[in-house]
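Basis for what follows: all heavy atoms, side chains included, without hydrogens, waters or symmetry-related copies.
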Amino acid sequence: MPDLADISELRRYEFSRLAATGTVYLDYTGSALYPASLVCRDMHRLTQQVLGNPHSDSAPSAASTDAIETARAQTLRFVDADPAVYDVVFTSNASGAMRILADSFPFRAGSRLVLTADNHNSVNGLTVTARRKRAAVEHVPLNPELRALDPTPWLTQATAPSLFAFPAQSNFSGVRHPLQWIAEAQDRGYRVLLDAAAFAPAHRLSLRATPADFVALSYYKLFGYPTGIGALIARRDALAELRARSYFGGGTVEFVSVQNGMTRLKAGAEGWEDGTPNFLAMPAICDGLSWLESVGVNRIRDHVASLTNALLERLSALGDRVVIHGPAGTEARGGTIAFNLRRAGQWIPFEIVESAARARGLAIRGGCFCNPGAAEHAFQMPARKARRCLRGEFSIARFRECLGDGPVGAIRASMGIASSIEDVDALTEFVAELTA
């Protein structure tokens, strides 16, 4: 076993496939990499144990039920949530968690949905049902560093159930937004949805200290495996205020009577899950959370912060060949950096950068990262002109030509536990060569 205090040794032991494949992986905001020991443990368990559908009453079924409840409890411990106050609804991913609120939050005339302009589209999707139910929708704008302004002026008193939604950390710029906004919004009568998908892999979240009503996350963002499962961590009183779902399935019900047209959903988290949970994944979730705790989230935070600072310094040293979107320093920001490149004063399209990086074994991401609000602000897109350009058939090439000068997508590099200073140097060298 590696010395978990030594990140470089951990990389050699758990992530040796990076060196073996010559991959420089800098897309942790897209997905964490799974440690080798996690999938080895899961393979051993799946070949040695028998797990069955948790809705049966057999020994394999009981084993699955135990795994599900252990995963719920361990998830609550990971975010420092009191199990008497919070419950865990298993979903397909963070987007699935937010879909529950889109379907069931009791918006009506007089309600307000307030969002920061910096939000993933999984959160932006809430605006569709909010408007349909006649709620007012408002966006808190961003400053030049892509930090959301103080939301207080937008959190006006509502006369009906209202929701404030923001990311703990931006998936576009790495900006960390103040968690004290949670209490401030609640004091004004709002329930609060916190998107923790980009924040939780490298930062401690305590729901005792900052008691958001709803928190969404994906487990693969934390430790890479398994994919296809996430969680809505919800205050029990907030969950009870949601309207009954328009659909039910599998084990979400206490009973269904076809002849009487009667249905009763299960109380608590189980009533919000879409049928049978991914029970085979639950032991791996427990192992992944344990592994993350054994390494130490604060150690990961410090490691990521050090590498982020190094990359920011190196990119900044290249002068006007690199335009960084968001904070230039590491204060209140995570390990995600969005930037664009220039060569001879001309913007290099993000697709060209991404393609050239791929040929060099560099795993980075190009585009708007499902965060149009932050992107539009970063690229200073004129709203009226962009509206005209978005009409008709859409393609990146057509949109860029219509807008004229300026980027329509960025490059994103994001660090995680297996990142190294050599990765930072490799990206810096690549950028310097491409922009020379």
Side-chain angles (χ1 to χ4, degrees), residues 1-47 74 78 93 169 171 174 197-204 217-230 281 283-311 314 334-337 354 357-365 411-430:
M1 288 294 292
D3 177 4
L4 296 181
D6 186 339
I7 296 291
S8 60
E9 184 179 345
L10 194 69
R11 174 174 167 131
R12 287 192 298 272
Y13 181 85
E14 295 281 25
F15 307 99
S16 61
R17 61 192 184 277
L18 290 171
T21 59
T23 301
V24 175
Y25 187 81
L26 292 170
D27 192 21
Y28 266 84
T29 303
S31 173
L33 294 179
Y34 56 79
S37 63
L38 180 58
V39 293
C40 288
R41 283 175 62 89
D42 203 37
M43 181 182 68
H44 178 79
R45 176 171 43 246
L46 290 171
T47 56
Q74 208 160 334
F78 181 72
N93 45 36
Q169 178 175 309
N171 76 306
F199 177 87
H203 298 90
R204 279 284 179 200
L217 56 80
S218 290
Y219 291 99
Y220 76 93
K221 302 272 188 178
L222 294 171
F223 37 78
Y225 174 88
T227 59
I229 185 162
I285 287 172
C286 295
D287 286 346
L289 290 169
S290 296
W291 182 85
L292 210 55
E293 292 284 6
S294 66
V295 174
V297 175
N298 288 341
R299 181 176 291 119
I300 298 171
R301 176 201 63 200
D302 295 344
H303 173 68
V304 168
S306 174
L307 294 177
T308 303
N309 185 61
L311 182 55
R314 285 160 170 73
T336 300
I337 302 174
E354 198 172 17
R358 184 169 60 250
R360 290 274 289 262
L362 285 162
I364 54 179
R365 183 168 172 184
I411 296 299
R412 185 181 72 187
S414 49
M415 271 71 68
I417 186 171
S419 304
S420 68
I421 194 64
E422 289 77 17
D423 295 337
V424 170
D425 291 339
L427 179 60
T428 305
E429 181 181 345
F430 164 75

Engineer: Using side-chain contact (heavy atoms from CB on, under 4.5 Å), reason through Phe78 and Val297 one step at a time and then give a plain yes or no.
Structural biologist: CA-CA 10 Å; Phe78 181 72; Val297 175; 4.0 Å; yes
Engineer: Nearest heavy-atom pair of Gln74 and Ser290: which atoms, and what distance?
Structural biologist: NE2-OG, 2.7 Å
Engineer: Ignoring hydrogens, what is the shortest heavy-atom contact between Ile300 and Ala202? Give both atom names and the distance.
Structural biologist: CG2-CB, 4.0 Å
Engineer: Does the side-chain contact (heavy atoms from CB on, under 4.5 Å) test come out yes or no for Asn93 and Ile229, once each step is laid out?
Structural biologist: CA-CA 5 Å; Asn93 45 36; Ile229 185 162; over 6 Å; no
Engineer: Is the shortest side-chain heavy-atom distance between Asp423 and Arg11 below 4.5 Å?
Structural biologist: yes
Engineer: Hey, are the side chains of Asn171 and Thr336 touching, using non-hydrogen atoms and a 4.5 Å cut-off?
Structural biologist: no
Engineer: Closest heavy-atom contact between Ala36 and Tyr13?
Structural biologist: CB-O, 4.5 Å
Engineer: For Tyr34, does the OH atom sit with more than 12 other heavy atoms under 6.0 Å from it, leaving out its own atoms?
Structural biologist: no
Engineer: Taking atom CD1 of Ile417 and atom CD1 of Ile7, what is their separation to the nearest 0.5 Å?
Structural biologist: 5.0 Å
Engineer: If I take atom OG1 from residue Thr308 and atom NE2 from residue His303, how far apart are they, to the nearest 0.5 angstrom?
Structural biologist: 9.0 Å
Engineer: Do Val424 and Arg314 touch side chain to side chain, with heavy atoms closer than 4.5 Å?
Structural biologist: yes
Engineer: In Å, rounded to the nearest 0.5 Å, how long is the span from CG of Leu311 to OG of Ser414?
Structural biologist: 10.5 Å
Engineer: Please report the interatomic distance CD(Glu354) to CZ(Arg365), rounded to the nearest 0.5 Å.
Structural biologist: 8.5 Å
Engineer: Could you name each residue pair satisfying salt bridge (charged side-chain N to carboxylate O under 4.0 Å, His left out) that touches residues 287-298, not counting sequence neighbours?
Structural biologist: Arg41-Asp287, Arg45-Asp287, Arg204-Glu293
Engineer: Could you walk me through whether Ile337 and Ile411 pass the side-chain contact (heavy atoms from CB on, under 4.5 Å) check?
Structural biologist: CA-CA 8 Å; Ile337 302 174; Ile411 296 299; over 6 Å; no
Engineer: List the residues meeting ring-ring contact (aromatic ring centres under 6.0 Å, His included) with Tyr220, not counting sequence neighbours, and say none if there are none.
Structural biologist: none
Engineer: Please report the interatomic distance OG(Ser306) to CE(Met415), rounded to the nearest 0.5 Å.
Structural biologist: 9.5 Å
Engineer: How far does CD of Glu429 sit from CG of Leu427, to the nearest 0.5 angstrom?
Structural biologist: 10.5 Å
Engineer: Please assess Arg17 against Leu33 for the test side-chain contact (heavy atoms from CB on, under 4.5 Å), listing each intermediate value before the final yes or no.
Structural biologist: CA-CA 10 Å; Arg17 61 192 184 277; Leu33 294 179; 3.8 Å; yes
Engineer: How close do Leu26 and Ser419 get, heavy atom to heavy atom, and via which atoms?
Structural biologist: CD2-OG, 4.3 Å
Engineer: For Ser8, enumerate each residue passing the side chain to side chain contact (heavy atoms under 4.5 Å, CB included) test, keeping only those at least two apart in sequence or located in another chain.
Structural biologist: Asp6, Arg12
Engineer: What heavy-atom pair brings Pro201 and Leu222 nearest, and what distance separates the two atoms?
Structural biologist: N-CD2, 3.6 Å
Engineer: Is any side-chain heavy atom of Ser31 closer than 4.5 Å to a side-chain heavy atom of Lys221?
Structural biologist: no
Engineer: Look at the side chain of Glu14 and the backbone N and O of Ser37, then say whether any donor-acceptor pair between them is shorter than 3.5 Å.
Structural biologist: yes
Engineer: Please identify each residue that fulfils ring-ring contact (aromatic ring centres under 6.0 Å, His included) with Phe223, with sequence neighbours left out.
Structural biologist: none
Engineer: Check ring-ring contact (aromatic ring centres under 6.0 Å, His included) between Tyr25 and all other residues, then give those that pass, not counting sequence neighbours.
Structural biologist: Tyr28
Engineer: Should Asp42 and Tyr225 count as side-chain neighbours, where that means a heavy-atom distance under 4.5 Å?
Structural biologist: yes
Engineer: Any salt bridge (charged side-chain N to carboxylate O under 4.0 Å, His left out) pairs touching residues 23-37, not counting sequence neighbours?
Structural biologist: Asp27-Arg412
